[in-house]
Number of protein chains: 2
Amino acid sequence: MTEKKVNKKIPKMTIIRLARYLNCLSLLPRELYKEISSKELASKIGLKPTQVRQDFHHFGGFGQAGYRYKVDDLIKGMEEILGLDRSQNLIIVGVGHLGQALANYRKFEDLGLRLVGLFDTNPRLVGMAIRDVKVRDIDEIPDIVKSENVSIGVIATPTESAQITADLLVSSGIRGLWNFSPINILTPPDVIIQNEHLSVGLMTLSYKLKQIMSS
Amino acid sequence: MTEKKVNKKIPKMTIIRLARYLNCLSLLPRELYKEISSKELASKIGLKPTQVRQDFHHFGGFGQAGYRYKVDDLIKGMEEILGLDRSQNLIIVGVGHLGQALANYRKFEDLGLRLVGLFDTNPRLVGMAIRDVKVRDIDEIPDIVKSENVSIGVIATPTESAQITADLLVSSGIRGLWNFSPINILTPPDVIIQNEHLSVGLMTLSYKLKQIMSS
DNA sequence: TAGATTGTTAATCGATTAACAATC
DNA sequence: TAGATTGTTAATCGATTAACAATC
């Protein structure tokens, strides 16, 4: 697959599905699944085969007519597209329960992401270590960001501190924020922010529940 | 607003945005915002005013031509649509860091949801209490689901136990699952499952970061 | 009236699905 | 060959945006 078609602008739903494909493939027992068809992959996620092929088509396809997809090729190709091929470093700000849950999140390594710092204001937490990563005071963020070449900052602070934390991360040079606070954080336009607004998921669940109850 | 238009089938993106509107409105200082225009609301979330009005239009609208929207009316109307008006009970299975983070999640009350049980298999956790909610053994799930009329089950267990936890919750009578494990859980068709696959968010963040870096 | 607003229809745009050639 | 598969174009479908009447 050469760099063809990359100019055509990829639908954002395609990217989200690409992430779901990759997640699904990475959970597959590799002995049983050396190859997979668009039909099989689609059924595992609840999509149609033609959707899978159309998504892949945006990138020139990952297979060859007649053959099924090679799982290795799919994974490698998707990792490259999603920018997971070169390892990226991240830090977590806020070492409460959520921050600790994320610090123990095994998926990071699978995705080629390396946790290089934990930060909090609470002096009782500073000095602790989780999985060999030291908890530092937030004052040290700018230094660590530079020395460790950090590209992603995770905001796991209380809501009140979320905006100021974002400001600090951005001024330290970070361009990618993963935000777990419920507020809409304001950032310069060249900063990418991925909101994990849990209440949105919970509300849509409530809506769907209401639907099936009343039908 | 009478029950008109409810048959027209609502786009699922509209529901997601409805949740975002409600989240945004609930965070507003109520003294300053007794009323709000579609333009203001849209700009806070990064949408166009006409999108907001079209979304509202699916439900017959929340205002009156010439006037701006009354924030109270918006909140009340959206809560009703999303099924947040009558209080629902939920339980959390898995009291690790993530489970504890969720147990302390203040948003539940705001959304009219009441946490009525925490469950784990670890005997060292059973007997503890978080915010006055006791941690019980998972054997007690069926009883509590019935006695407390639980409608939502949160899966915050390790990946290995996620499917079996879902099975237990479903067989206990729960129809709504909020899943934080990375796997795609299999359920009967009448069960609603809301996946909170964190790796998907992280991967799309990585993709967008790669885009701005290379442009 | 002039300006600002919502509700609602129509036009545009984009995304999903269907169909099928090419390949094994 | 027959059956199954992917890649690719075209058709369908749905969602967003634009335009504007109605209202304050």
Side-chain angles (χ1 to χ4, degrees), chain A residues 1-21 25 33-78 81 204, chain B residues 1-21 25 33-78 81 204:
Chain A
M1 187 189 64
T2 51
E3 290 300 293
K4 64 186 169 186
K5 299 242 175 188
V6 176
N7 41 350
K8 243 79 180 174
K9 195 162 58 167
I10 313 300
K12 106 184 153 196
M13 286 309 292
T14 293
I15 296 300
I16 292 175
R17 281 193 298 267
L18 220 61
R20 295 182 63 195
Y21 299 141
L25 292 169
Y33 285 94
K34 288 193 124 28
E35 299 179 336
I36 195 167
S37 68
S38 56
K39 193 176 166 189
E40 287 171 299
L41 181 54
S43 82
K44 288 193 180 296
I45 316 202
L47 302 171
K48 310 225 161 136
T50 171
Q51 173 99 77
V52 172
R53 296 205 299 279
Q54 185 67 291
D55 282 338
F56 291 180
H57 182 239
H58 285 110
F59 308 97
F62 291 105
Q64 188 183 344
Y67 291 108
R68 305 157 83 209
Y69 300 104
K70 292 186 182 108
V71 174
D72 284 348
D73 290 353
L74 287 180
I75 291 178
K76 211 165 290 178
M78 290 179 190
I81 291 164
T204 58
Chain B
M1 188 188 64
T2 52
E3 288 301 292
K4 64 187 166 183
K5 299 243 174 185
V6 177
N7 40 350
K8 244 80 182 174
K9 195 161 56 168
I10 313 298
K12 104 183 154 198
M13 285 310 291
T14 293
I15 296 301
I16 292 175
R17 281 192 298 267
L18 221 60
R20 295 183 62 197
Y21 299 142
L25 292 168
Y33 286 94
K34 288 193 124 30
E35 298 179 336
I36 195 169
S37 67
S38 57
K39 193 175 166 190
E40 287 171 300
L41 181 55
S43 81
K44 287 191 181 299
I45 315 200
L47 301 170
K48 307 225 163 137
T50 172
Q51 173 100 76
V52 172
R53 296 205 300 279
Q54 184 67 292
D55 282 338
F56 291 0
H57 181 238
H58 286 110
F59 308 98
F62 291 106
Q64 188 183 345
Y67 292 106
R68 306 156 84 208
Y69 299 105
K70 291 186 183 108
V71 174
D72 283 349
D73 290 353
L74 287 180
I75 290 178
K76 212 166 288 178
M78 290 178 190
I81 291 164
T204 57

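Throughout, protein chains are lettered first and strands after them, A, B, ... in sequence-line order, and every chain is numbered starting at 1.
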Let me have DNA chain D in dot-bracket notation, would you? Count Watson-Crick plus G-U wobble pairs, both distances under 3.5 Å, and use [ ] for pairs crossing earlier ones and | for inter-strand partners.
..||||||||||||||||||||||
Tell me, for nucleotides 17-24 of chain D in 5' to 3' order, what letter each nucleotide earns: B for a base near a protein heavy atom under 4.0 Å, S for only sugar-phosphate near one, - for neither?
BBB--BBS
Could I get the full list of ring pair (Phe, Tyr, Trp, His ring centres under 6.0 Å) partners for B:Phe56, not counting sequence neighbours?
B:Tyr21, B:Phe62, B:Tyr69
Test: salt bridge (Lys or Arg N to Asp or Glu O under 4.0 Å). Region: residues 60-74 of chain A. Which pairs qualify, not counting sequence neighbours?
A:Arg30-A:Asp72, A:Glu40-A:Arg68
Considering heavy-atom distances to DNA chain C, does A:Lys12 or B:Ser38 have its closest nucleotide positioned more toward the 5' end?
B:Ser38
Nearest of C:dT16, C:dG7, D:dT6 to any side-chain atom of A:Arg17?
C:dT16
Who are the side chain to side chain donor-acceptor pair (under 3.5 Å) partners of B:Tyr33, not counting sequence neighbours?
B:Lys44
Please list all pairs meeting salt bridge (Lys or Arg N to Asp or Glu O under 4.0 Å) that have one or both residues in residues 54-67 of chain B, counting only residues at least two apart or in different chains.
B:Arg17-B:Asp55
Partners passing side chain to side chain donor-acceptor pair (under 3.5 Å) against B:Arg53 (at least two apart in sequence or in another chain):
B:Ser38
Write down the protein N/O and nucleotide N/O pairs, taken from nucleotides 11-14 of chain D, whose separation is under 3.5 Å; answer none if there are no such pairs.
none

Not counting sequence neighbours, which residues clear side-chain contact (heavy atoms from CB on, under 4.5 Å) with A:Lys39? List them please.
A:Ser37, A:Pro49
Just N and O in the side chain of A:Tyr69: are any of them under 4.0 Å from OP1 or OP2 of D:dG7?
yes
